[in-house]
There are 2 protein chains.
Amino acid sequence: MARRKVELSPERIRTVALELIDRHGLDAFSTRKLGIALGCEAMAIYWYYRSKEDLLDAVVDELVVSIARVVDEASTDWVGTLRAVAHAYRKLAHDHPRAFPLLATRRFSSASTFAFLEKLFGLARAQGISDRTSAQFYRVVSSYCSGFALNELAPQPTSLAHLKKFPAVAHVSKWLGEDQLDGIFEFGLELQLDALRASR
Amino acid sequence: MARRKVELSPERIRTVALELIDRHGLDAFSTRKLGIALGCEAMAIYWYYRSKEDLLDAVVDELVVSIARVVDEASTDWVGTLRAVAHAYRKLAHDHPRAFPLLATRRFSSASTFAFLEKLFGLARAQGISDRTSAQFYRVVSSYCSGFALNELAPQPTSLAHLKKFPAVAHVSKWLGEDQLDGIFEFGLELQLDALRASR
DNA sequence: GAGTCTTATTTTACAGTGTAAGAGTCGGCT
DNA sequence: AGCCGACTCTTACACTGTAAAATAAGACTC
């Protein structure tokens with residue numbers, strides 16, 4: 001048997017898992033298919049992860065870390081940092097559209113998530129922003145980003161048949177199209193960041 | 001055999017489906033268990049719905065309709081209507097915490113969704129709000145509500161072990177607790193509605 | 001009332017799922 | 001050489017969604 005050749009590891013497993021989800025979607029993802037992609041039997045995965053749920057948590061973690069990196073590279077200005085995080089979050093949804101719902105649905109209380117929050121809130125405190133304010137705006141902005149990204153990933157095909165029966169929607173639909181998404185996201189985000197600036 | 005006695009119907013099926021999801025969660029929901037709850041075989045469901053996905057779409061629809069009703073009862077003021085819808089949306093998440101992720105994840109382009117949007121946008125037009133503005137604020141506010149509700153449904157248990165290692169998070173965590181959710185939701189919502197009022 | 005058609009439901013079957021339990025195989029240790 | 005612990009595979013089980021066909025009951029025609 002060709003054992004010990006594929007060199008399984010937690011990192012490789014979750015990386016290949018993400019690749020598989022990206023390529024074929026969450027529904028099609030199974031431990032058996034992951035095994036094939038890794039070159040091992042499905043059960044070998046269970047040495048590194050207690051369950052499929054555990055593995056998916058690890059995949060989410062990998063994605064969170066990629067956002068956390070943005071905080072390091074950001075300027076010292078907290079508003080700017082929050083903006084950068086918001087954009088990174090949305091970019092993540094575009095880069096991994098089929099994995100993103102995982103991130104939006106799942107509770108994440110892993111160490112790397114905390115490390116991310118620590119950097120973000122540490123920066124806020126260093127700039128004299130009150131804990132209450134930073135907590136408020138973090139929740140508001142992150143909720144907005146999460147919801148917005150999720151919405152744009154599940155786009156309705158603007159059924160023309162329906163539009164005939166719903167004239168008001170027909171009129172407004174011009175401003176609901178995909179070409180408007182960037183602008184509206186920016187609009188809503190800046191609206192919130194303006195309020196943050198004003199609150200100081 | 002006791003046929004034709006249980007009186008199956010699309011409405012009953014999707015209602016019992018929602019009950020089952022509410023009680024035991026999405027993961028535990030299966031066509032077989034639904035069959036047992038309905039008093040029929042699993043395959044009988046397929047006479048009324050083409051697939052499990054189809055059925056879940058119908059469940060989502062049922063939930064959307066319950067929100068649409070709010071628009072009828074609302075005052076003529078569009079800002080007030082949008083606020084009422086936002087609150088109804090969050091209330092839905094509290095009333096059906098285990099079904100809500102369906103609503104947030106799934107594309108809904110059903111007739112009842114369009115009927116809802118028609119009422120909402122029709123009201124906006126009647127009050128002279130530009131199509132662009134109503135589209136913008138609808139997307140922003142609905143994204144915010146969706147993301148906020150999803151976040152509060154997946155609460156992290158504020159791991160005390162982690163808090164020792166992350167002092168900034170520990171300080172801020174006071175404002176991130178469940179007791180703050182109502183206030184923060186309101187804060188973020190009004191922040192957006194203020195901007196809507198100001199834009200006129 | 002007998003025969004046929006339509007609608008509703010069950011039966012049977014299949015390929016696929018997550019994972020528990022145990023068996024097997026290897027490298028490195030004494 | 002023998003053993004141990006770290007890995008991996010094999011087997012098995014209960015459960016999933018649903019295609020295909022069998023079946024039953026009412027409605028409709030003659």
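Naming convention: chains lettered A, B, ... in sequence-line order (proteins, then strands); numbering from 1 in each chain.
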Would a distance-only check, ignoring hydrogens and angles, find a side-chain to backbone donor-acceptor pair under 3.5 Å from B/Lys33 to B/Ala28?
yes
Sidechain-backbone polar pair: A/Glu118 side chain, B/Ala168 backbone, donor-acceptor under 3.5 Å:
yes
Whole-Å gap separating C1' (C/dA20) and CD1 (A/Ile45)
15 Å
Residues B/Glu19, B/Arg12: salt bridge by 4.0 Å N-O rule
no
Starting at OH of A/Tyr49 and ending at P of D/dT8, how long is that distance when rounded to a whole Å?
13 Å
Can you check the B/Ile36 CD1 to D/dC15 P distance for me, whole Å?
10 Å
Side-chain N or O of B/Lys33 less than 4.0 angstrom from OP1 or OP2 on D/dT16?
yes
When you measure from the side chain of B/Trp47, which nucleotide among C/dT7, D/dA19, C/dA20 comes out closest?
C/dT7
From the options C/dT19, D/dT18, C/dT17, select the nucleotide whose nearest atom is closest to the side chain of B/Met43.
D/dT18
5′-ward residue of the pair B/Ser30/A/Glu41 relative to DNA chain D
A/Glu41
Within this structure, what is the CZ-to-P distance between B/Arg50 and D/dA19, rounded to whole angstrom?
11 Å
Using whole Å, report how far NZ of A/Lys52 lies from P of C/dT17.
9 Å
When the distance from OH of B/Tyr46 to P of D/dG17 is rounded to whole Å, what number comes out?
6 Å
Nearest-Å distance, CG (B/Leu8) to C1' (D/dA25)?
15 Å
Is the backbone of A/Phe121 close enough, under 3.5 Å, to the side chain of A/Trp78 for a donor and an acceptor to pair up by distance?
no
For the pair made of CG in A/Leu56 and C1' in C/dT17, what is the distance, rounded to whole Å?
14 Å
Per B/Thr31 side chain, nearest of listed nucleotides C/dT11, D/dG17, C/dT19
D/dG17
Counting only side-chain heavy atoms from C-beta out, which of C/dT10, C/dA8, D/dC9 sits nearest to B/Tyr48?
C/dA8
Ion pair check, B/Asp194 and B/Arg197, cut-off under 4.0 Å:
yes
Is there, by distance only and without an angle test, a donor paired with an acceptor across the side chain of A/Arg32 and the base of C/dG18 below 3.5 Å?
yes
